[in-house]
Amino acid sequence: MPFVVLPSCVPATLGSLALIALWDPLPLAFLHIGGVPLVEYSNGWWKALAAVATLPLTLWGPLLLAVTYAYYTRRRGETVA
């Protein structure tokens with residue numbers, strides 16, 4: 001692995017794993033599976049709006065991990081001159 005890939009891939013991987021640990025229990029709470037307490041919504045539309053609004057937060061970690069892996073595979077064959 002070239003030296004230039006390591007300083008960027010290690011923090012990105014650790015950050016994405018931290019984001020996954022932080023935000024992924026949230027979708028399970030909408031299904032009442034996880035241990036994350038939720039407020040009671042007065043209407044089903046408010047609950048749907050909250051689910052749609054937090055969807056980017058739940059996808060942030062997995063998408064960052066996918067982009068980090070794509071960057072790693074693209075840069076691993078290059079040599080630093």
Locate the shortest heavy-atom distance separating Ser16 from Gly61; write the atom from each residue and the value.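 Closest approach of Ser16 to Gly61: CB-O, 3.5 Å.
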Smallest separation among heavy atoms of Ala53 and Pro56, with atom names: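 Looking at all heavy atoms of both residues, the closest pair is O-CD, 3.4 Å.
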same_hphob_cluster(Tyr41, Leu49) at 4.5 Å side-chain heavy-atom cutoff: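 Yes: a chain of side-chain contacts under 4.5 Å links Tyr41 to Leu49.
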If two hydrophobic side chains count as joined below 4.5 Å and joins carry through other members, does Val67 share a cluster with Leu19?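 In one cluster with Val67: Leu19, no.
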Rounded to the nearest 0.5 Å, what separation is found between the [atom1] atom of [X] and the [atom2] atom of [Y]?
| X | Y | atom1 | atom2 | result |
| --- | --- | --- | --- | --- |
| Thr68 | Leu17 | OG1 | CG | 9.0 Å |
| Thr13 | Tyr72 | OG1 | OH | 10.0 Å |
| Cys9 | Arg75 | SG | CZ | 9.0 Å |
| Thr58 | Leu22 | OG1 | CG | 11.5 Å |

Identified side-chain contact (heavy atoms from CB on, under 4.5 Å) partner of Leu55 from the options Leu57, Val52, Leu59: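 Filter result, single survivor: Leu59.
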